[in-house]
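Down below is the structure, laid out as structure tokens.
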Amino acid sequence: MPKKLSKRMPLDSVPGRTIYLHHYPAENASKVVIMAPAMAVPHSYYADFCSWLARQGYHVIGFDYYGVGLAQEDSLRHFDSSVTEWATLDAQAVLDKCQTDFPDLPVVWFAHSIGGQLFGMLERTEQVERMVTVATGTGYWRDTKPSLKYKSWVLWWAIVPWLLPLVGYFPGARLGIVGNVPKSAMAQWRRWCLHPDYLVGAEHLYQTYAAIKTPIISLAFSDDEMLTYRNIDAMHNFYRTAPQRRLRIEPADFDLTHIGHFALFRPRFEKLWAELLLPQLTAELPTDRAMPNVE
């Protein structure tokens, strides 16, 4: 796959809190696509997809949440961030900059996993043309895949409570669980995952999420290792006034044996990028509130 170099730019979401933007420019771009990453996933994971998308005629802006990837300027023992701050400080700063730098272009919030969860905390979302979510659902542990329920119970009750104060952050990279996560972010995420209404219930944000009117196109995969359709519907149902279209995808629909929660953004899925992801950027916007029954 030919590479297209991005422009890496520091951005202070607030004074003393630096994150990094990655701009993949396109000639005669028709839209700006913000690639909002998943929990603890560095932007580098999405770089090939962002580069490819820029070649299709879109300005693409990627970023790292504070404490993840290039935003991790020092050991996580020495600085901290909550997940709420990832949304209200970091993601908000990225959205504001894109709306300022490209005032005449529609902005698309392209969200992987938690990137779609946090959208409801942002301001000025009415200026976003659409949000495309990929494998975005709640993290409530009882609604996850059966194979994960015991592991989730062990993580939230037996590992995180003692490991965070001992280490000062969550060393997920060494454990092979999620990735390295700042202490406050992991503690907050634990609290969300133990609440039946996840972050919206834990933070009492029902009305905040219900006020979002940005059209949403959701992509969910039957072989997602982490999420059930129940998780995915539950999260999108909180955006109750947003017009929505929810697509449920079987790997066999595209002659594949596996897609899952993370694999979609790997270069070997370039054919699927063209057949599935790219059309969502120009598809007719949904007009109805799609609220299918939770399974």
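Index from 1, following the sequence.
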Stepwise side chain to side chain donor-acceptor pair (under 3.5 Å) test for D224 and H261: CA-CA 5 Å; D224 192 313; H261 192 77; 2.9 Å; yes

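- Each of I19, V83, L118 was compared with Y65 under the side chain to side chain contact (heavy atoms under 4.5 Å, CB included) criterion, and only L118 meets it.
- Between P182 and F170, every side-chain heavy-atom pair lies at or beyond the 4.5 Å cut-off.
- In this structure, the side chain of T241 engages the main chain of A210 through a donor-acceptor pair within 3.5 Å.
- Heavy atoms only, all atoms of each residue included: L281 and E129 are closest at O-OE1, 4.3 Å.
- Residues L227 and T144 have side chains not in contact (no heavy-atom distance under 4.5 Å, counting atoms from C-beta outward).
- Within 6.0 Å of NZ in K31 there are more than 12 heavy atoms belonging to other residues, nucleotides or ligands.
- Checking each of H22, H112, H23 against H43 for a ring pair (Phe, Tyr, Trp, His ring centres under 6.0 Å) leaves exactly one that passes, namely H22.
- From T138, atom OG1 reaches atom CG of D197 across 8.5 Å, with rounding to the nearest 0.5 Å.
- To the nearest 0.5 Å, atoms OH (Y66) and CG (D90) are separated by 9.0 Å.
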Walk me through it: do V128 and Q99 pass the test side-chain contact (heavy atoms from CB on, under 4.5 Å)? CA-CA 9 Å; V128 176; Q99 291 172 336; 4.2 Å; yes

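- Closest of all the heavy-atom pairs between H59 and A29 is CD2-CB, 3.3 Å.
- Residues L256 and F269 form a side-chain contact, since some pair of their non-hydrogen atoms from C-beta on lies under 4.5 Å apart.
- The distance from the OH atom of Y140 to the CG atom of L194 is 8.5 Å, given to the nearest 0.5 Å.
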Stepwise ring-ring contact (aromatic ring centres under 6.0 Å, His included) check, W192 with W141: CA-CA 9 Å; W192 291 357; W141 75 281; over 10 Å; no

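- Residues N180 and G172 approach most closely at OD1-N, 3.3 Å, considering heavy atoms.
- Remark: side-chain polar atoms of D101 are not paired, donor with acceptor, to backbone N or O of C98 under 3.5 angstrom.
- Checking side-chain atoms of S152 against main-chain N and O of L148 turns up a donor-acceptor pair under 3.5 Å.
- Of all the heavy atoms in M226 and N231, the pair that sits closest is O-OD1, 4.2 Å.
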Just do the side-chain contact (heavy atoms from CB on, under 4.5 Å) check on L11 and T18 with the steps written out, would you? CA-CA 6 Å; L11 174 68; T18 301; over 6 Å; no

ring-ring contact (aromatic ring centres under 6.0 Å, His included) between F119 and F238, intermediate numbers included: CA-CA 11 Å; F119 186 75; F238 292 126; over 10 Å; no

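- Crowding of K271 atom NZ: a count of heavy atoms from other residues, nucleotides or ligands under 6.0 Å not exceeding 12.
- Qualifying salt bridge (charged side-chain N to carboxylate O under 4.0 Å, His left out) partners for R190, counting only residues two or more places apart in sequence or in other chains: none.
- Under 4.0 Å is where a charged nitrogen must lie from a carboxylate oxygen, and between K145 and E225 no such pair does.
- For A91, the side chain to side chain contact (heavy atoms under 4.5 Å, CB included) partners at least two apart in sequence or on another chain are F63, W109, L122.
- Of the possible donor and acceptor atoms, none in the side chain of Y46 sits under 3.5 Å from a partner among the backbone N and O of V41.
- At least one side-chain heavy atom of E123 sits under 4.5 Å from a side-chain heavy atom of Q92.
- With respect to the salt-bridge test (charged N to carboxylate O, under 4.0 angstrom), the residues K183 and D80 do not qualify.
- Panel note: side chain K149, backbone R142; a donor-acceptor pair is recorded below 3.5 Å.
- Under a 3.5 Å cut-off, the side chain of Q117 and the backbone N or O of M235 do not form any donor-acceptor pair.
- Residues F254 and L276 form a side-chain contact, since some pair of their non-hydrogen atoms from C-beta on lies under 4.5 Å apart.
- Counting heavy atoms from C-beta outward, R266 and Y45 have side chains that approach closer than 4.5 Å.
- Judged by distance alone, the side chain of R130 and the main-chain N or O of A283 form a donor-acceptor pair under 3.5 Å.
- Looking at every heavy atom in both residues, A40 comes nearest to P42 through O-CD, 3.6 Å.
- Under a 4.0 Å N-O distance rule, the pair D12/R17 does not qualify as a salt bridge.
- Between N237 atom CG and R230 atom CZ the span is 10.5 Å, to the nearest 0.5 Å.
- Considering only heavy atoms from C-beta on, D96 comes within 4.5 Å of R124 through its side chain.
- Side-chain atoms of T133 never come within 3.5 Å of backbone atoms of T136 as a donor-acceptor pair (strictly under, hydrogens ignored).
- For the pair P279 and E275, the tightest heavy-atom approach, listed with the atom from each and the gap, is CG-O, 3.5 Å.
- Cation-pi geometry between R77 and Y169 is not met at under 6.0 angstrom from the ring centre and within 45 degrees of the axis.
- Side-chain contact between L76 and F79 is present, with heavy atoms from C-beta onward closer than 4.5 Å.
- At a threshold of 4.0 Å, the pair E203-R191 counts as salt-bridged, since one of the basic side-chain nitrogens sits closer than that to a carboxylate oxygen.
- Checked by atom type and distance alone, the side chain of S6 never pairs as donor or acceptor with a backbone atom of Y24 at under 3.5 Å.
- To the nearest 0.5 Å, atoms CG (L277) and CD (Q56) are separated by 11.0 Å.
- Between the side chain of E270 and the main chain of P267, no donor-acceptor pair closer than 3.5 Å is present.
- To the nearest 0.5 Å, atom CH2 of residue W52 and atom OH of residue Y58 are 9.0 Å apart.
- Atom CD of E284 is surrounded by 12 or fewer heavy atoms from other residues, nucleotides or ligands within 6.0 Å.
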